[in-house]
Amino acid sequence: MTDMYDEKKVPEFALPPYQHEDHGASDGLGRAKNPVKYLQSIEQRARERQVAYETVRLLRRDVIECYRKEGVNHYENCKKPVETYARVVLKRDVGQVGPKYSDEGKNYGF
């Protein structure tokens, strides 16, 4: 039939930030100190970004399903899914797990 009325199976845990390897020079340009670690950190960031996008997609789907199921009562009955969706979407980088950078301004552009 449909899984619309089943309880959602979402794990509630936080992943630790991953290791980040910068380029070798102090200005962030040039060869990486450890090229293997640098490539692994880039791949990990891409995976984390994809997980964050899929999480948002699933939360958006839950909001849409709730709106369709509740109809005109969605203002009262869909508060929790909408708040969860808004909390995730408004986070920097859509809530993806990231490393602790030494210079946040260089990596985020502000």
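Position 1 is the first residue of the sequence, and the numbers go up from there.
In the hydrophobic clustering of ILVMFWY residues, with side-chain heavy atoms under 4.5 Å counting as a link, V56 and L58 come out apart.
Sorted by first then second residue, the ring-ring contact (aromatic ring centres under 6.0 Å, His included) pairs that include residues 69-88, not counting sequence neighbours, are Y67-H74. Applying the disulfide (SG to SG under 2.5 Å) definition to pairs two or more places apart or across chains, those involving residues 48-82 are C66-C78.
Partners of R87 according to the side-chain hydrogen bond (donor to acceptor under 3.5 Å, both in side chains) rule, which considers only residues two or more places apart in sequence or in another chain, do not exist here. With sequence neighbours excluded, the residues that form a salt bridge (Lys or Arg N to Asp or Glu O under 4.0 Å) with E54 are R57. Every residue was checked against the side-chain contact (heavy atoms from CB on, under 4.5 Å) condition with V72, not counting sequence neighbours, and none meets it. For E70, the side-chain hydrogen bond (donor to acceptor under 3.5 Å, both in side chains) partners two or more places apart in sequence, or in a different chain, are N77. Annotation: side-chain contact (heavy atoms from CB on, under 4.5 Å) contacts of I64 (sequence neighbours excluded): R60, R68.
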- Task: Decide yes or no on salt bridge (charged side-chain N to carboxylate O under 4.0 Å, His left out) for K69 and E65, but give the supporting numbers first.
- Result: CA-CA 6 Å; K69 184 174 88 172; E65 284 178 0; over 6 Å; no
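Judged by distance alone, the side chains of Q44 and R47 do bring a donor and an acceptor atom under 3.5 Å apart.
One distance of note links OG1 of T84 with NZ of K79; it measures 13.0 Å at 0.5 Å rounding.
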